[in-house]
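Structure first, commentary second.
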Amino acid sequence: MKILVITRNAWDDTNAIGNTVSNFFEHFDNCEFANIYFRASSPNNKICKRYYRTTEFEVLRNWFSPEKNGKDFNFSGESKAKKIRDEKKLIRLIHKYGINFAYKFSDYIWNSKKWLNNNLRAFIESFSPDVIFTFAKADPQYYLTVKYIKDNYNTPLFTWIADDEYGRLSKKNSYKKITKLKYIIENSNIIKGCSREICSYYNSVFFCSASPLYKSCEFSETVKEKVNNPVKVVYAGNLLYGRLEIITKAAEIIEGYKSGGGVSFDIFSNSVLLPSDIQKYFGDKTCTCFCGKRDYDEIKRKLSEADLVLFVESFDTEQIINTKYSFSTKIIDYLQSGSAVLAIGPGEISSIKYFDDIPGAYVIKNTDSLKNELVDVLNDSSNYSRRALKIREFAGEHHDASAVSRELQADLSKIIIGGV
């Protein structure tokens, strides 16, 4: 089976999407993978060797020589570090300041179709995929790549809904992009989603038949039996969608906690904070450390070493709308850690709802009582091991790796032979 994966960034285990894709496919047998992506970033995974990359900067540079766009390569571990750093700086500025013009200009570049050239055709025909795996996204690079392959090769399409793209576009009245999202949904042979809620929502909007597909757990770490002194709390995830505010509040409460041997709080995140931001949010903290980005294997180790792993979502009304139907990929990393889990966030968000149903998980759903409830959780450290064991039992029952892999591989095989 040859599977072509289409992503915005390179297939990289250190980011949420890349980590999820690896989780889905790492147990597949007799399969070959290729990845088309659209950023200057470099791949970082143990599954895929062959790639095709084109970037908006490349398209712009080759505006009058479009035949130069696109590169087919086998990853050797080397990267053009400066180009990647420059691109990340620009993307960070766009996200931070919401430069609307930059988004529109980016769409204009991709909509030019100057990158839909013979290089792309040669890559697709050389790899000759049996099936496409992609995401329910309306960005022109997703839409145009899928449409190009469907129009020319009619390759079966498997689509995963990672977040509420439709809700985001509806809020902006982006009807043209909704049409592109609708094309991907309607041309998908099978549609899966990150949560029950988002599947139900998309089924009602697009009249499709989406069903949940969750990440699986790898139980390489044992359940913790002893608590560290001081108690070790770890957060691993991005700081977008208002999460930084909750993390900052939690850090302030932890700083003031003096019972027993105290608490240490380590924050691991791909979200890049400027030195001034780190100083602003964490500079006066003695128990809290912003540790930045780490590779996935180290993150798993840090989570397993923690006594309590922290999951947060924002209580801000706008952010609740943005994250309501999302199911964080970090949930599975937390469930497999062998540590106790504390989730903080509003009860109407899918991720918090899920934690609320997990035996043993601590859940705080009210920002007004955040301080008192968090202190209660820290005071309950003698029960962390018992709670972690309950979480492990739940994870084993609902997120078994071999079962998830069998289901997904069976679905892909079914659409290849025309069963869907």
Side-chain angles (χ1 to χ4, degrees), residues 1-11 17 21 25 28 31-39 43 48-56 58-60 62-75 106-162 165 176-192 206 208 408-409 411-420:
M1 184 189 300
K2 290 185 174 182
I3 303 171
L4 176 60
V5 179
I6 303 174
T7 54
R8 180 186 288 110
N9 294 296
W11 185 340
I17 289 297
V21 173
F25 293 129
F28 272 37
C31 289
E32 186 178 345
F33 296 89
N35 177 210
I36 294 177
Y37 70 98
F38 308 96
R39 291 264 173 87
C48 182
K49 302 301 180 187
R50 190 169 180 190
Y51 300 87
Y52 185 88
R53 176 183 65 213
T54 186
T55 73
E56 54 201 1
E58 179 184 57
V59 176
L60 194 59
N62 297 323
W63 194 257
F64 299 106
S65 305
E67 70 279 358
K68 294 181 180 180
N69 291 322
K71 182 181 180 182
D72 176 354
F73 66 100
N74 292 309
F75 186 60
S106 174
D107 283 354
Y108 171 77
I109 292 171
W110 292 117
N111 282 321
S112 73
K113 301 183 184 179
K114 289 179 178 289
W115 50 282
L116 296 173
N117 58 15
N118 286 332
N119 292 335
L120 178 61
R121 177 183 288 273
F123 170 80
I124 294 167
E125 292 182 355
S126 173
F127 183 65
S128 187
D130 296 308
V131 63
I132 305 166
F133 179 97
T134 194
F135 298 85
K137 293 290 185 181
D139 302 289
Q141 56 269 52
Y142 277 100
Y143 163 72
L144 289 171
T145 304
V146 169
K147 191 173 190 305
Y148 181 84
I149 299 174
K150 293 293 287 187
D151 287 349
N152 289 283
Y153 308 100
N154 197 31
T155 308
L157 177 63
F158 183 105
T159 297
W160 193 62
I161 309 166
E165 180 85 339
K176 287 185 178 180
K177 284 200 169 186
I178 290 174
T179 300
K180 294 175 180 178
L181 175 63
K182 185 179 179 182
Y183 173 88
I184 290 180
I185 295 292
E186 290 183 345
N187 284 273
S188 298
N189 299 79
I190 289 182
I191 306 167
K192 297 287 184 175
F206 295 104
C208 57
L408 179 54
Q409 195 160 5
D411 282 340
L412 293 174
S413 297
K414 193 186 302 180
I415 63 177
I416 290 171
I417 63 175
V420 178

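Quick note: numbers below take in every heavy atom, side chains included, and nothing from hydrogens, waters or symmetry partners.
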Practice task
Could you list the residues that satisfy ring-ring contact (aromatic ring centres under 6.0 Å, His included) with Phe25, not counting sequence neighbours?
Solution key: Phe28, Phe33, Phe133
Exercise for the section: List in chain and number order the residues that pass side chain to side chain donor-acceptor pair (under 3.5 Å) with Ser126, two or more places apart in sequence or in another chain; answer none if no residue qualifies. Expected result: Arg50
Practice task
Measure from NZ or CZ of Lys137 to the centre of the six-membered ring of Tyr143, then state whether that distance is under 6.0 Å and the direction lies within 45° of the axis.
Solution key: no
Practice task
Mind running side-chain contact (heavy atoms from CB on, under 4.5 Å) on Ser112 and Val59 for me, showing each step along the way?
Solution key: CA-CA 9 Å; Ser112 73; Val59 176; 4.2 Å; yes
Handout entry: Distance (rounded to the nearest 0.5 Å) between Ile416 CD1 and Asp130 CG
Key = 4.5 Å
Exercise for the section: Taking the side chain as every heavy atom from C-beta outward, state whether Pro43 and Lys49 have any atom pair closer than 4.5 Å. Expected result: no
Problem - Within 45° cone and under 6.0 Å: Lys71 NZ/CZ vs Phe73 ring - result: yes
Problem - salt bridge (charged side-chain N to carboxylate O under 4.0 Å, His left out) involving Lys147 - partner list, sequence neighbours excluded - result: Asp151
Handout entry: Thr134 OG1 to Leu4 CG distance, which is reported to the nearest 0.5 Å
Key = 8.5 Å
Handout entry: Any residue meeting ring-ring contact (aromatic ring centres under 6.0 Å, His included) with Tyr37, in chain and number order, not counting sequence neighbours
Key = none
Practice task
Please say whether more than 12 non-hydrogen atoms of neighbouring residues, nucleotides or ligands are located less than 6.0 Å from CG in Asn152.
Solution key: yes
Handout entry: Test item: Pro129 and Ile3 side chains (from C-beta on) under 4.5 Å apart, heavy atoms
Key = no
Practice task
Working to the nearest 0.5 Å, report the span between CH2 of Trp160 and CG of Leu408.
Solution key: 11.0 Å
Practice task
Decide yes or no for Phe135 and Val21: does some side-chain heavy atom of the first lie under 4.5 Å from some side-chain heavy atom of the second?
Solution key: yes
Handout entry: Exam field: side chain Asn117 to backbone Asn119, donor-acceptor pair closer than 3.5 Å
Key = yes
Handout entry: Approximate separation, where rounding is to 0.5 Å, of Asn187 CG and Leu157 CG
Key = 7.5 Å
Problem - Partner set under ring-ring contact (aromatic ring centres under 6.0 Å, His included) for Tyr108, not counting sequence neighbours - result: Trp63
Exercise for the section: Please name all residues satisfying side chain to side chain donor-acceptor pair (under 3.5 Å) with Glu165, sequence neighbours left out, ordered by chain then number. Expected result: Arg168
Exercise for the section: Please identify each residue that fulfils side chain to side chain contact (heavy atoms under 4.5 Å, CB included) with Ser106, with sequence neighbours left out. Expected result: Glu56, Trp110
Handout entry: Closest non-hydrogen atom pair, Ser188 against Thr159
Key = OG-OG1, 2.6 Å
Practice task
Using the salt bridge (Lys or Arg N to Asp or Glu O under 4.0 Å) rule, collect all pairs that involve residues 117-128, keeping only residues at least two apart or in two chains.
Solution key: Arg121-Glu125
Exercise for the section: Decide, yes or no, whether a salt bridge links Lys192 with Asp411 under the criterion of side-chain N to carboxylate O below 4.0 Å. Expected result: yes
Problem - Side-chain touch Phe206/Glu186, heavy atoms, less than 4.5 angstrom - result: no
Fill in the blank from the handout: Sorted by chain and number, sequence neighbours left out, ring-ring contact (aromatic ring centres under 6.0 Å, His included) with Phe123 holds for Tyr52
Problem - Value rounded to 0.5 Å, distance of CD1 in Ile132 from OG1 in Thr145 - result: 9.0 Å
Practice task
For the residue pair Met1 and Glu32, establish whether any side-chain heavy-atom pair is separated by less than 4.5 Å.
Solution key: no
Practice task
Sequence neighbours left out, what passes side chain to side chain contact (heavy atoms under 4.5 Å, CB included) with Glu58? Give chain and number order.
Solution key: Thr54, Thr55, Arg61, Asn62, Asn69
Table please: side-chain donor-acceptor pairs of residues 177-185 below 3.5 Å, with sequence neighbours left out.
{"from": "Lys177", "atom 1": "NZ", "to": "Asp107", "atom 2": "OD2", "distance (Å)": "2.8"}
{"from": "Thr179", "atom 1": "OG1", "to": "Tyr175", "atom 2": "O", "distance (Å)": "3.1"}
{"from": "Lys180", "atom 1": "NZ", "to": "Asn111", "atom 2": "OD1", "distance (Å)": "3.3"}

Completion exercise
Ile191 and Cys208 have their tightest heavy-atom pair at CD1-CB, 3.7 Å
Problem - Pairwise distance OG(Ser128) to NZ(Lys2) - rounded to 0.5 angstrom - result: 5.5 Å
Practice task
Please identify each residue that fulfils side chain to side chain donor-acceptor pair (under 3.5 Å) with Thr7, with sequence neighbours left out.
Solution key: Asn35
Handout entry: Check: Asn74 and Tyr51 side chains under 4.5 Å, non-hydrogen atoms
Key = no
Fill in the blank from the handout: Between Phe38 and Ile6 the two heavy atoms that sit nearest each other are CE1-CG2, 4.0 Å
Handout entry: Lys68 NZ: over 12 foreign heavy atoms closer than 6.0 Å
Key = no
